[in-house]
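Below, chain A is the first sequence line, B the second, and so on; all start at residue 1. Being a predicted model, the structure only gives us computed values, none of them experimental.
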Amino acid sequence: PRPDAAAFSAEAVAALALLWLLVCAPGDAGCHPLTVADLFDRVIRHSGRIHSLSTALYEKHFPSRDNELGRPARKCHTSGMLTPNGKEYAQKIPREELTQVILKLLQAWKEPLSHFNQHIEHHQELPDDSLSKAKQISNMVHELKTGVEKVTEKMQSMGIISNSLNGMASSEGTGLSISNEANMMSDSDFIHCFRRDSNKVQSYLKILKCRIMPENSC
Amino acid sequence: MDLWHLLFTLALICANDSLSADDDLLQWPQISKCRSPEMETFSCFWTAGNLYNLTVPRILQLLYKKSNEEDWKECPDYVTSGQNSCYFNASYTSVWTPYCVQLASKNEVYDKKCFSVDEIVLPDPPVHLNWTLLNTSQTGIHGDIQVRWDPPPTADVRKGWITLEYELQYKEVNETKWKELKPRLSTMVPLYSLKTARDYEIRIRSRQRTSEKFGEFSEILYVSFSQIGIGCDHCTEEVEFPWFLVLVFGVCGLAVTVISVMLSKQPRLKMLIFPPVPVPKIKGIDPDLLKKGKLDEVNSILACHDNYKTQLYSDDLWVEFIELDIEDPDDIPETDFSASDTCDATSDSDQFKKAAEKEEDLLCLDRQDNDESLPSLANTDLQRQHRNTQSENSHPWAPFGNSVESPHLSVHTQVSNQNSLASTDFYAQVSDITPAGRVVLSPGQKSKLGRAQREGCTEQNFTMDNTYFCEADVKKCIAVTSHEENEPHVQEQGYNEDAYFTTESLTTTVANLGASTAAPPSSEMPVADYTSIHIVQSPQGLVLNATALPVPDKEFNVSCGYVSTDQLNKIMP
């Protein structure tokens with residue numbers, strides 16, 4: 001049985017709240033500054049919840065017939081993005097690039113998710129619990145993006161990665177065209193694409209964390 | 001018959017066809033499944049079908065194509081995963097890329113499947129299962145163990161590329177059904193309360209955290225406590241919960257309780273179990289008292305209230321004396337003998353009206369003062385109650401005398417004479433003065449009027465010079481013997497009225513007298529038990545009235561005790 005999505009979101013909110021609040025000065029008594037590893041653990045957990053939520057949503061309303069015959073390959077609006085499609089690639093590319101890929105993915109889904117929320121609200125194609133799940137997803141994605149940005153800042157401040165993340169501006173521009181493309185997808189494709197990309201984000205974060213820690217031989 | 005023939009032929013044909021079809025059932029080659037154990041490689045498996053008996057042996061190929069490619073490529077590795085399989089290693093695997101594979105021979109495509117690698121992840125089973133003993137119970141019957149295992153070696157859990165969940169199942173060796181634990185992320189699980197006398201089997205399987213499908217089960221782990229020397233073969237079987245005893249005792253207890261409750265008619269127990277709900281009690285007189293005629297209780301209740309000033313003395317009500325002094329005869333008001341007088345004793349106007357009545361009585365009383373027989377005052381409405389009283393002359397009129405602020409008036413009644421004549425019935429004791437100015441008399445004794453009275457009545461001549469006559473003479477003749485029968489009735493009547501024993505106008509003493517004179521002593525003649533003060537006016541004195549009594553002769557319209565001459569004529573013989 002899958003964990004409750006509501007519990008997920010509540011936990012996520014609490015976790016991310018702690019993320020921002022407990023970054024305290026080293027001199028304070030009883031204040032334990034969060035390490036990068038702790039921050040990574042939290043964003044990884046958050047991304048895992050997003051993936052579980054989207055999987056539950058997809059499998060409930062668009063139950064995947066196992067290995068469907070002749071199903072046309074879904075075209076996601078993020079298909080054009082260059083992302084590492086294997087563990088080895090994820091291990092090979094520079095950490096900055098990996099971080100940027102994560103951020104780009106999250107950015108690419110920000111607009112389409114809000115449009116999707118409006119769309120399903122008006123059309124009422126999904127039942128209420130699925131509706132709430134979809135809304136939760138868009139909130140959590142926003143939180144996750146904020147969290148990854150914070151982690152990135154921390155890494156940059158610690159010198160783990162360089163400050164060469166300047167590609168966000170361009171990703172903003174391409175995000176608009178991508179969003180237009182996303183609006184034309186069907187609901188089933190939309191959720192399927194998102195589920196896949198959430199899995200990507202989760203896996204990239206895990207590899208990134210492994211690569212940050214020097215003791216792990218990632 | 002033709003029909004039957006036809007049917008039989010058809011059946012045969014069908015049977016033949018089916019039989020032949022079984023042999024020639026064509027099983028097409030099918031892709032059975034595609035699976036990735038660690039999200040880095042994947043394999044596809046198919047079944048060859050039964051095309052072997054056809055003319056041209058077919059060679060199956062597995063072609064694959066990524067979504068962004070146009071050409072179908074052949075499987076890179078037919079060997080690694082076994083027969084009828086195709087293995088795609090890491091270099092050929094793009095995890096989040098949609099793939100399509102198809103099973104084909106040269107000309108035909110038998111099957112086709114499309115998927116992406118992250119959707120077909122089915123991990124390998126965990127390895128290196130082992131268990132350790134945590135502790136045993138004091139009796140040694142039960143024990144706790146900890147089971148540990150390692151994740152499948154192919155899955156790169158350490159780097160976090162894949163996150164696995166594990167589900168453990170266990171059962172006793174001779175059982176058939178496996179007990180399942182909830183899937184968990186950790187690679188160790190405690191099992192509690194296993195029976196040391198039994199052997200257990202444990203197996204574990206894993207799945208990717210966000211998917212639903214589990215991989216294959218691991219090898220079975222055997223748990224045997226005897227191997228480590230703590231088996232308890234001779235231990236007694238654990239005592240199961242004695243359901244039967246509990247049920248029996250519960251039913252017995254319940255039955256005993258129910259029977260005791262039902263059988264216990266004792267109000268005490270009933271009160272204990274079902275305490276009565278207090279109903280609001282309104283202070284007042286219980287109507288039952290009135291019904292039963294318990295005047296004393298009623299009066300005592302009423303006496304508690306300030307409003308009620310009746311005090312009935314249960315003792316003798318002997319009138320000691322009444323003093324009436326008329327100092328100024330001129331002040332005596334006119335009398336009013338209208339029969340239509342409303343005997344509303346509660347109105348003061350009537351009192352004034354009736355002042356004249358007093359006058360006459362006073363006159364009578366004065367006249368009789370010497371006579372010493374003052375039945376007028378006392379007799380008429382006395383003796384309601386059935387009491388055996390003595391001639392208690394000593395019962396003072398004192399309360400009355402003191403309360404009435406009419407010192408000038410005093411009516412002397414000589415009780416002693418009355419005693420001789422009749423009993424104390426003729427007297428009433430003033431028990432209280434009402435605020436309205438009425439005197440309330442309490443009932444007197446039952447009269448024990450002797451015959452002498454009656455005798456006296458017959459001889460007397462009533463002065464009937466006018467409509468007014470002197471009651472004193474009349475009252476003398478009241479026979480009291482018949483009180484007993486009438487008293488309860490009368491008494492009841494009286495008590496059914498207000499608590500106030502209001503003064504009334506002079507009533508049917510005459511009638512009673514008349515009746516008494518005519519009737520023999522044994523006749524029942526209602527006699528007024530009460531003499532109530534009708535009007536109390538300071539200069540005027542008292543007017544004592546008899547209460548209403550049942551008149552033996554219906555013809556009498558007793559209006560306030562005044563009897564017209566005509567009526568009186570009827571009475572008198």
Applying a strict 4.5 Å limit to non-hydrogen atoms, the region of B/Ser116 in contact with chain A is neither

Are there more than 12 heavy atoms of other residues, nucleotides or ligands under 6.0 Å from atom CG of B/Leu185?
-> yes

Crowding at CZ, B/Arg148 (>12 non-hydrogen neighbours, <6.0 Å) | no

Side chain proximity check, A/Arg196 to B/Pro98, heavy atoms < 4.5 angstrom = yes

Would you find more than 12 non-hydrogen atoms of other residues, nucleotides or ligands less than 6.0 Å from B/Glu219 atom CD?
-> no

Set of side-chain contact (heavy atoms from CB on, under 4.5 Å) partners for B/Thr154, sequence neighbours left out = B/Pro37, B/Glu38, B/Asp124, B/Pro152

Flag the pair A/Arg195 / B/Thr210 as yes when at least one side-chain heavy-atom distance between them is below 4.5 Å, and no otherwise.
-> no

Can you measure from NZ (B/Lys159) to CE (A/Met213) and round to the nearest 0.5 angstrom?
-> 15.5 Å

Partners meeting side-chain hydrogen bond (donor to acceptor under 3.5 Å, both in side chains) with A/Asn199 (sequence neighbours left out) = none

Step through the shown structure and confirm whether more than 12 heavy atoms of other residues, nucleotides or ligands are within 6.0 Å of OH on A/Tyr89.
-> no

Given that the side chain runs from C-beta out, which part of B/Ser94 has a heavy atom under 4.5 Å from chain A: side chain, backbone, both or neither?
-> both

Measure the spacing between NZ of A/Lys206 and CD1 of B/Ile162 and express it to the nearest 0.5 Å.
-> 8.0 Å

From B/Asp156 CG over to A/Cys210 SG, what is the distance, rounded to the nearest 0.5 angstrom?
-> 8.0 Å

Does B/Trp96 reach the side chain of A/Ser203, with side-chain heavy atoms less than 4.5 Å apart?
-> yes

